[in-house]
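Remember, it's 1-based here, ligands and their atoms both numbered in the order they're listed. Along the sequence shown, residues carry numbers from 1.
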Amino acid sequence: MTVAATPAEAIASSGFVEKRPLERYVAPAKPSLVGLPRAELAEALGGAGVPERQRRMRVQQIWHWLYVRGVQNFDDMTTLSKDLRATLAQHFTLARPEIAAEQISVDGTRKWLLRLPGELEDRPHEVECVYIPEADRGTLCISSQVGCTLTCTFCHTGTQRLVRNLTAGEIASQVVLARDRLADWNSVNEPNNNPAATGEGERKRLVSNVVMMGMGEPLYNFEAVRDGLNVVADGEGLSISKRRITLSTSGVVPNIVRAGDEIGVMLAVSLHAVTDELRNELVPLNRKYPLRELLDACRNYPGLSNARRITFEYVMLKGINDSLADARALVRLIKGIPAKINLIPFNPWPGSKYECSDWQQIEKFSEIVFNAGYASPVRTPRGRDILAACGQLKSASEKLSAHERLALRAMTMTD
Ligand code: SAH
Ligand code: SF4
């Protein structure tokens with residue numbers, strides 16, 4: 001077996017990346033242009049000496065190379081002069097977040113562990129990103145923060161202390177990186193005719209949908225999430241329509257209306273309980289923004305209609321929130337709000353104090369919700385063999401004991 005010298009070589013040679021040891025991380029010396037919002041890109045070009053009158057056009061050209069064609073070298077940007085390409089290469093890179101590990105589930109789900117620069121040169125932060133292929137779509141689940149400041153008791157991310165917010169560039173880069181790894185770019189001569197590709201229009205996309213359901217609370221990193229998602233939705237670039245982007249929040253009420261006004265993506269709300277008493281325990285943010293305020297914010301979500309419904313997420317916890325009385329109360333609680341209900345089988349993690357509801361119970365619960373007129377797909381667990389479910393991202397936590405780490409390792413191949 002040959003040992004690859006760089007992450008790029010490791011990927012190219014094996015098609016599968018084992019977790020690389022931490023010591024080998026070298027923080028990038030130059031900033032990357034990948035993922036930057038248009039205004040930041042223009043500013044960066046200005047810093048490299050591109051005259052102001054040219055900037056708009058240059059941004060337009062670079063945007064196309066980055067987000068339609070997916071180029072990874074300035075030299076491939078053939079509509080730019082050689083001089084400009086050299087200047088850009090002097091100041092910037094087109095680096096994606098470094099892939100520390102890639103895991104591919106038997107069901108096709110892929111999970112990437114990504115390294116982002118930390119405060120200290122040689123100590124990167126890690127976040128995860130998961131791709132879930134389905135018959136009619138391919139969904140990428142992306143992260144908004146390293147860790148989370150909130151402490152939902154059923155969520156593994158909640159056991160990790162927040163390290164930092166992701167930048168807009170790092171948020172959009174996750175989509176770029178997934179398109180790289182899935183060969184999901186437009187190339188001049190070869191339209192993507194991959195039979196697994198899905199989407200509308202002439203060019204079918206493997207990554208057709210994005211959900212912000214990875215690590216972190218997106219509405220506590222509002223500006224970067226807004227700017228990053230606007231890059232993802234830009235019609236001249238990555239072009240994933242806002243109807244196909246869903247932001248999931250645990251209920252940061254004041255930013256819900258802002259999300260509707262300033263981002264305009266689909267909203268998912270992590271409800272999980274029908275009384276304040278239980279929700280205070282499961283989602284402690286409820287003490288600050290109780291159910292009544294949360295549901296009012298949902299009712300007033302800008303753009304809400306039967307065609308643009310809010311998704312209420314409800315994790316099924318055995319004996320905790322899964323009684324049939326809970327199901328009936330749930331239906332009453334959201335009455336009048338154009339909604340879908342996503343029942344999520346709880347994904348246990350080492351040390352978690354809950355169990356997933358029995359399948360029969362989930363079905364009975366789902367029937368009540370369905371009979372009340374709500375589509376209630378039970379989210380099929382995907383990628384279980386690689387621990388890819390939401391709330392499970394970035395599996396190695398500093399707070400896990402050695403024993404728990406071992407159990408986790410056995411389950412996920414991460415160490
Ligand atoms: N912070 C945001 C988005 C990330 S979590 C939020 O809380 O909405 C994405 C979804 O996964 C949320 O609905 C969350 O409640 C759910 N989740 C977290 N941990 C889980 C687990 N162990 N099993 C099943 N779902 C979980
Ligand atoms: Fe944070 Fe969401 Fe996990 Fe709660 S469920 S701890 S808000 S990531």
If you take the nearest heavy atom of each of Gly214, Cys141, Gly216, which one is closest to atom 1 (N) of ligand 1?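 Shortest heavy-atom distance from atom 1 (N) of ligand 1: Gly216.
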Counting only heavy atoms not in Arg56 (residues, nucleotides, ligands), do more than 12 fall under 6.0 Å from its CZ? no
Using a strict 4.0 Å cut-off to heavy atoms of [X], name the atoms of ligand 1 that fall inside it.
X	result
His272	13 (O), 14 (C), 15 (O)
Glu313	10 (C), 12 (C), 13 (O)
Thr249	6 (C), 8 (O)
Pro345	24 (C)
Val315	24 (C), 25 (N)
Cys155	18 (C), 19 (N)
Trp349	22 (N)
Ile344	24 (C), 25 (N)

Does Arg181 make a cation-pi contact with Tyr131 (under 6.0 Å, within 45 degrees of the axis)? no
Looking at residues at least two apart in the chain, or sitting in another chain, which of them share a side-chain contact (heavy atoms from CB on, under 4.5 Å) with Arg332?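 side-chain contact (heavy atoms from CB on, under 4.5 Å) check on Arg332 returns Arg328, Ala329.
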Has Met215 got any heavy atom lying under 4.0 angstrom from an atom of ligand 1? no
With atoms numbered from 1 as shown, which atoms in ligand 2 lie under 4.0 angstrom from a non-hydrogen atom of [X]?
X	answer
Gly158	6 (S)
Leu150	6 (S), 7 (S)
Ser250	7 (S)

Relative to ligand 1, is Phe154 under 4.0 angstrom through side chain, backbone, both or neither, heavy atoms considered? both
Residues [X], [Y]: salt bridge by 4.0 Å N-O rule:
X	Y	value
Asp261	Arg258	no
Glu170	Arg96	no
Glu102	Arg110	yes
Arg287	Glu281	no

Across all chains, not counting sequence neighbours, the ring pair (Phe, Tyr, Trp, His ring centres under 6.0 Å) partners of Trp65 are none
N, O or S atom of Cys148 closer to atom 4 (Fe) of ligand 2 than 2.8 Å: no
Hey, what's the ring geometry for Tyr354 with Phe346, parallel, tilted or perpendicular (30° and 60° as the breaks)? perpendicular
